[in-house]
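Sequential numbering from 1 along the given sequence is applied to the chain's residues. Side-chain atoms are counted along with the backbone in the values below, which use heavy atoms only and exclude waters and symmetry mates.
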Amino acid sequence: MSPNSIPLEMTVSNEVDSYPEIHPDLASDLAKEWGQGTEYERRNGYYFDPISPKLPTMPGDWESRLLVKKTASGITMKFADPNDVAISKYTRGEKKDHEWIRAGLSASILSLVTIDYRLRDTLFLDQAEHERVKAAIEDDRNWLQSLRSSAATR
């Protein structure tokens, strides 16, 4: 997929949630150089936001699906699969997360079938959180169906 085919709603955030895999203890040092409010952010328009890999709610085995990219300078970057990220975003439930998910669904970057499957292997804080996520997914399923129905009748 080319960067030009990614919907704007999926790219508007200027924070890059990440952690140094080999040396997670260096996250705060990296944030000082590349974090919010740094010269790096002013120059590039985005910043490094250190997180713990245990923080977001992700489906089991998400790390086996990481997308790997090596830069010309030798840095290896790993990106979470968008369907795994969607589960984390459904769990957080913020407006910007909802917009990101719907943009991904309408562009066929995200798959509700895949999300449903991976949801079975996701640990939630409690049953109420799990039910809230399932309800949000069902709302999006209905929204996507109505979107497709509208497109078919045009």
Does the side chain of [X] reach to within under 4.5 Å of the side chain of [Y], using non-hydrogen atoms?
X      : Y      : answer
Tyr90  : Asp97  : no
Trp100 : Val85  : yes
Arg65  : Asn83  : no
Trp62  : Asp121 : no
Gln36  : Asn14  : no
Lys95  : His98  : no
Glu33  : Thr38  : no
Trp143 : Leu105 : yes

(request) Using side-chain contact (heavy atoms from CB on, under 4.5 Å) as the criterion, point out the one residue from Asp140, Ile87, Val133, Asp84 that pairs with Ile115. (result)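 Considering Asp140, Ile87, Val133, Asp84, a side-chain contact (heavy atoms from CB on, under 4.5 Å) with Ile115 is found only for Ile87.
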What pair of heavy atoms forms the shortest contact from [X] to [Y], and how long is it?
X      : Y      : result
Ile109 : Pro7   : CD1-CD, 3.5 Å
Gly37  : Arg42  : O-NH1, 2.7 Å
Ile101 : Ala86  : CD1-O, 3.8 Å
Glu9   : Ala103 : CB-CB, 3.6 Å
Pro59  : Arg118 : CB-O, 3.5 Å
Leu147 : Ser106 : CD2-CB, 4.0 Å

(message) In terms of relative ring orientation, are Tyr46 and Tyr40 parallel, tilted or perpendicular, with 30° and 60° separating the classes?
(response)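 Perpendicular.
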What's the separation between atom [atom1] in [X] and atom [atom2] in [Y], rounded to the nearest 0.5 Å?
X      : Y      : atom1 : atom2 : value
Thr122 : Met58  : OG1   : CE    : 9.0 Å
Ser88  : Asp17  : OG    : CG    : 8.5 Å
Leu125 : Thr91  : CG    : OG1   : 10.0 Å
Met77  : Lys70  : CE    : NZ    : 11.0 Å
Arg141 : Ser146 : CZ    : OG    : 13.5 Å
Glu94  : Glu99  : CD    : CD    : 11.0 Å

(request) Applying side-chain contact (heavy atoms from CB on, under 4.5 Å), run through Phe124 and Gln127 and close with a yes or a no. (result) CA-CA 7 Å; Phe124 292 92; Gln127 189 60 31; over 6 Å; no
(request) Output, in order, the C-alpha distance, side-chain angles, deciding distance and verdict of side-chain contact (heavy atoms from CB on, under 4.5 Å) for Asn142 and Gln145. (result) CA-CA 5 Å; Asn142 293 332; Gln145 182 60 41; 5.7 Å; no
(message) I'd like to know if Tyr47 and Val16 are part of one continuous hydrophobic network [Ile/Leu/Val/Met/Phe/Trp/Tyr, side-chain heavy atoms within less than 4.5 Å].
(response)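 No, Val16 does not connect to Tyr47 through the hydrophobic network.
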(request) Answer yes or no: does atom CG of Leu123 have more than 12 heavy-atom neighbours from other residues, nucleotides or ligands under 6.0 Å? (result)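 It does not: Leu123 CG has 12 such atoms or fewer within range.
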(request) Under the side-chain contact (heavy atoms from CB on, under 4.5 Å) rule, what do Thr76 and Glu21 come out as? Steps first, then yes or no, please. (result) CA-CA 10 Å; Thr76 300; Glu21 181 180 35; over 6 Å; no
